[in-house]
Amino acid sequence: MGWAGIKNGEPLTLAARQFDVLVTVDRNLFFQQRLPKYDIAVVVLRAHSNRPAVLRTLVPKMLEVLPSVRPGEIFQVGV
């Protein structure tokens, strides 16, 4: 996306312009940002590892959650 070096909430602002949902593994996002001010929903994937093979196991649950997420909300999927 060319967002390297973007900091302090700017990625959320940029993502909200182009996407409905941000999927991340950043567990601290909830504490670092005031999500209701952004026009985007956030889904946090929580697993014992961020390895693609492990995160893939969370995809079915993530797909269940996606239809119900709303901008400014954060959902956690996983352990």
Side-chain angles (χ1 to χ4, degrees):
M1 298 295 301
W3 297 351
I6 306 264
K7 300 177 186 175
N8 299 332
E10 287 181 70
L12 281 172
T13 300
L14 294 171
R17 291 180 189 155
Q18 298 180 32
F19 305 105
D20 297 322
V21 179
L22 172 68
V23 178
T24 184
V25 293
D26 184 353
R27 295 178 185 189
N28 293 319
L29 187 67
F30 179 78
F31 303 106
Q32 296 169 343
Q33 301 296 327
R34 287 186 33 233
L35 293 177
K37 78 176 193 175
Y38 297 99
D39 193 26
I40 192 167
V42 176
V43 174
V44 178
L45 301 179
R46 295 189 57 139
H48 65 278
S49 166
N50 290 341
R51 294 162 74 180
V54 174
L55 295 177
R56 257 186 238 113
T57 65
L58 300 177
V59 170
K61 182 63 177 170
M62 180 188 68
L63 293 175
E64 279 181 38
V65 171
L66 284 179
S68 62
V69 297
R70 299 290 174 253
E73 295 180 338
I74 187 167
F75 286 83
Q76 295 188 42
V77 174
V79 292

Separation between CZ of F75 and CD of E64, rounded to the nearest 0.5 Å
12.5 Å

One should read off an interatomic distance between I74 CD1 and I40 CD1, to the nearest 0.5 angstrom, of 11.5 Å

Looking only at heavy atoms, the pair that brings V77 and M62 closest together is CG1-N, 3.9 Å

Heavy-atom pair of closest approach, residues V54 and A47
CG1-CB, 3.6 Å

Provide the closest heavy-atom pair for N50 versus L55 in the form atom of the first, atom of the second, distance.
O-CD1, 3.4 Å

Spacing of R70 atom CZ and D39 atom CG [to the nearest 0.5 Å]:
12.0 Å

Nearest non-hydrogen partners of A53 and T57, listed with the distance
O-CG2, 3.7 Å

